[in-house]
Amino acid sequence: MAYRIYCDFDGTIATSDVTDVLLEAFAAPGWRDIEAQWQAGLIGSADCMARQVALLHCSRPALDRLLDSIDIDPGFVDFVAFCRDHDIEPTIVSDGLDYAIRRILSRRGLGDLPVIANRLMFLAEDRHAMLSPYASTACRSAAGTCKCEAVRATGGAGPHTTILVGDGRSDYCAAGAVDLVFAKAGLLEHCQASGIVHLPYRDFAEVTQLLAERLPSLGAGLAGLAVQVPDGAFLGQEKHTGLLETCIPARVLP
């Protein structure tokens, strides 16, 4: 059984929301008003991000200095090593900015990880723009990166188990399209409310530990994960029906 692991970036791998850090440092006034429109559901996240990125005014060296100060989860490097030891290449799926993600990961020797994210464009006079090559017209949240579409597009042929590691609103759609979710913060609340099969986690050290304990061979699929699914639980329209026959400890689900 093949495995594909998708990891959110902001608040999951990075310990902060990188886009917000950049906006707070370099954006012209008005980006918070745009943010408020998104939070109120008046605009989608792709429109929100594009308009905010257009307000950034900074040189590339200044941008790089700030990005180089941003921390990542200290357990993420070991998590990637664990995955690669078992022939799994984690994929970053983010509604953030590809340049920022690659810069931050490169400092940890992980610049070669696959990244699915919005594209940051460098314009004249230290201005910027954003492209969204992974957007989808069918995306319910009008995201710059439609994560559920990204999961479908990169799934490949043959039997495989898909796993998501995330923390927030941009992960909600993908959580219903994968087989298992590692969830914290807002994503954990969403999984609990929606009955989505998940494992709570604090950091990547715990994700690595949970994978090592529950998938010792990484070849038996989710048959090694026992799940107690409550009556009426929503598993996501694309989840494998075989998941219902497995068993995760009861603490996982409400």
Side-chain angles (χ1 to χ4, degrees), residues 3-17 20 35 38-41 44-45 72-73 75-76 79 83 90-96 139-143 145-152 155 160-215 221-254:
Y3 284 80
R4 291 182 174 84
I5 300 181
Y6 302 90
C7 300
D8 173 54
F9 191 78
D10 295 303
T12 301
I13 297 172
T15 56
S16 57
D17 186 308
D20 283 354
E35 187 85 1
W38 170 69
Q39 291 176 340
S45 65
I72 67 168
D73 184 314
F76 184 67
F79 165 79
C83 289
T91 297
I92 312 303
V93 285
S94 172
D95 208 18
C139 183
R140 287 177 293 178
S141 60
T145 299
C146 181
K147 294 187 179 182
C148 49
E149 179 61 28
V151 169
R152 286 192 289 265
H160 59 272
T161 296
T162 51
I163 298 172
L164 172 70
V165 185
D167 80 315
R169 181 172 166 180
S170 70
D171 302 310
Y172 290 1
C173 176
V178 298
D179 296 303
L180 177 66
V181 180
F182 286 93
K184 67 177 181 178
L187 180 59
L188 176 59
E189 296 174 0
H190 172 73
C191 289
Q192 290 171 335
S194 302
I196 293 175
V197 175
H198 67 281
L199 287 168
Y201 76 100
R202 295 182 297 272
D203 51 32
F204 272 96
E206 185 172 16
V207 173
T208 303
Q209 178 183 349
L210 290 168
L211 283 175
E213 291 173 351
R214 289 164 170 77
L215 305 177
L222 285 176
L225 281 174
V227 181
Q228 293 182 356
V229 182
D231 292 340
F234 172 71
L235 298 179
Q237 292 180 348
E238 299 178 37
K239 291 187 178 296
H240 302 315
T241 56
L243 192 59
L244 290 170
E245 300 174 358
T246 60
C247 280
I248 288 177
R251 70 178 181 87
V252 171
L253 292 170

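Basis for what follows: all heavy atoms, side chains included, without hydrogens, waters or symmetry-related copies. Every value quoted in this text rests on a predicted model; they were computed, and no experiment measured them.
Counting heavy atoms from C-beta outward, Lys147 and Asp8 have side chains that approach closer than 4.5 Å.
With rounding to the nearest 0.5 Å, the separation of OG in Ser45 from CD in Gln39 is 12.0 Å. In this structure, CD on Gln209 lies 8.0 Å from CZ on Arg202, to the nearest 0.5 angstrom. Note: Asp203 CG to Thr15 OG1 = 12.0 Å, rounded to the nearest 0.5 Å. The distance from the CD atom of Glu189 to the OH atom of Tyr172 is 7.0 Å, given to the nearest 0.5 Å.
For the cysteines Cys139 and Cys173, the sulfur (SG) atoms lie at a distance of at least 2.5 angstrom from each other.
When all heavy atoms of Ala150 and Val93 are compared, the pair lying nearest together is CB-CG1, 4.2 Å. Scanning both residues, Leu210 and Pro200, for their nearest heavy atoms gives CD1-O, 3.9 Å. Residues Ser170 and Asp95 approach most closely at CB-CB, 4.3 Å, considering heavy atoms. Listed here is the closest heavy atom pair of Gly166 and Asp171: CA-OD2, 3.5 Å. Considering all non-hydrogen atoms of both residues, Val151 and Ala177 come closest at CG1-O, 4.2 Å. The two residues Asp10 and Asp17 make their nearest non-hydrogen contact at OD1-C, 3.8 Å.
Judged by distance alone, the side chain of Asp167 and the main-chain N or O of Lys184 form no donor-acceptor pair under 3.5 Å.
Of the options Leu211, Leu164, Thr162, a side chain to side chain contact (heavy atoms under 4.5 Å, CB included) to Ile5 is made by Leu211 and by none of the others.
Taking the six-membered ring for Trp and thresholds of 30 and 60 degrees, Phe76 and Phe204 have ring planes more than 60 degrees apart, a perpendicular arrangement.
Applying the ring-ring contact (aromatic ring centres under 6.0 Å, His included) test to Phe9 and every residue at least two apart in sequence or in another chain returns nothing. For Phe182, the ring-ring contact (aromatic ring centres under 6.0 Å, His included) test picks out no residue, with sequence neighbours left out.
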Exercise for the section: Before giving the answer on side-chain contact (heavy atoms from CB on, under 4.5 Å), spell out for Arg4 and Thr91 the whole-Å C-alpha distance, their side-chain angles and the decisive distance to 0.1 Å. Expected result: CA-CA 8 Å; Arg4 291 182 174 84; Thr91 297; over 6 Å; no
Handout entry: Residues Leu180, Thr161; criterion side-chain contact (heavy atoms from CB on, under 4.5 Å); working and verdict
Key = CA-CA 8 Å; Leu180 177 66; Thr161 296; 5.7 Å; no
Handout entry: Pair Val165-Thr12, side-chain contact (heavy atoms from CB on, under 4.5 Å): steps then yes or no
Key = CA-CA 8 Å; Val165 185; Thr12 301; 4.0 Å; yes
Exercise for the section: Dump the intermediate steps for side-chain contact (heavy atoms from CB on, under 4.5 Å) on Ile163 and Asp179, then the final yes or no. Expected result: CA-CA 6 Å; Ile163 298 172; Asp179 296 303; 5.9 Å; no
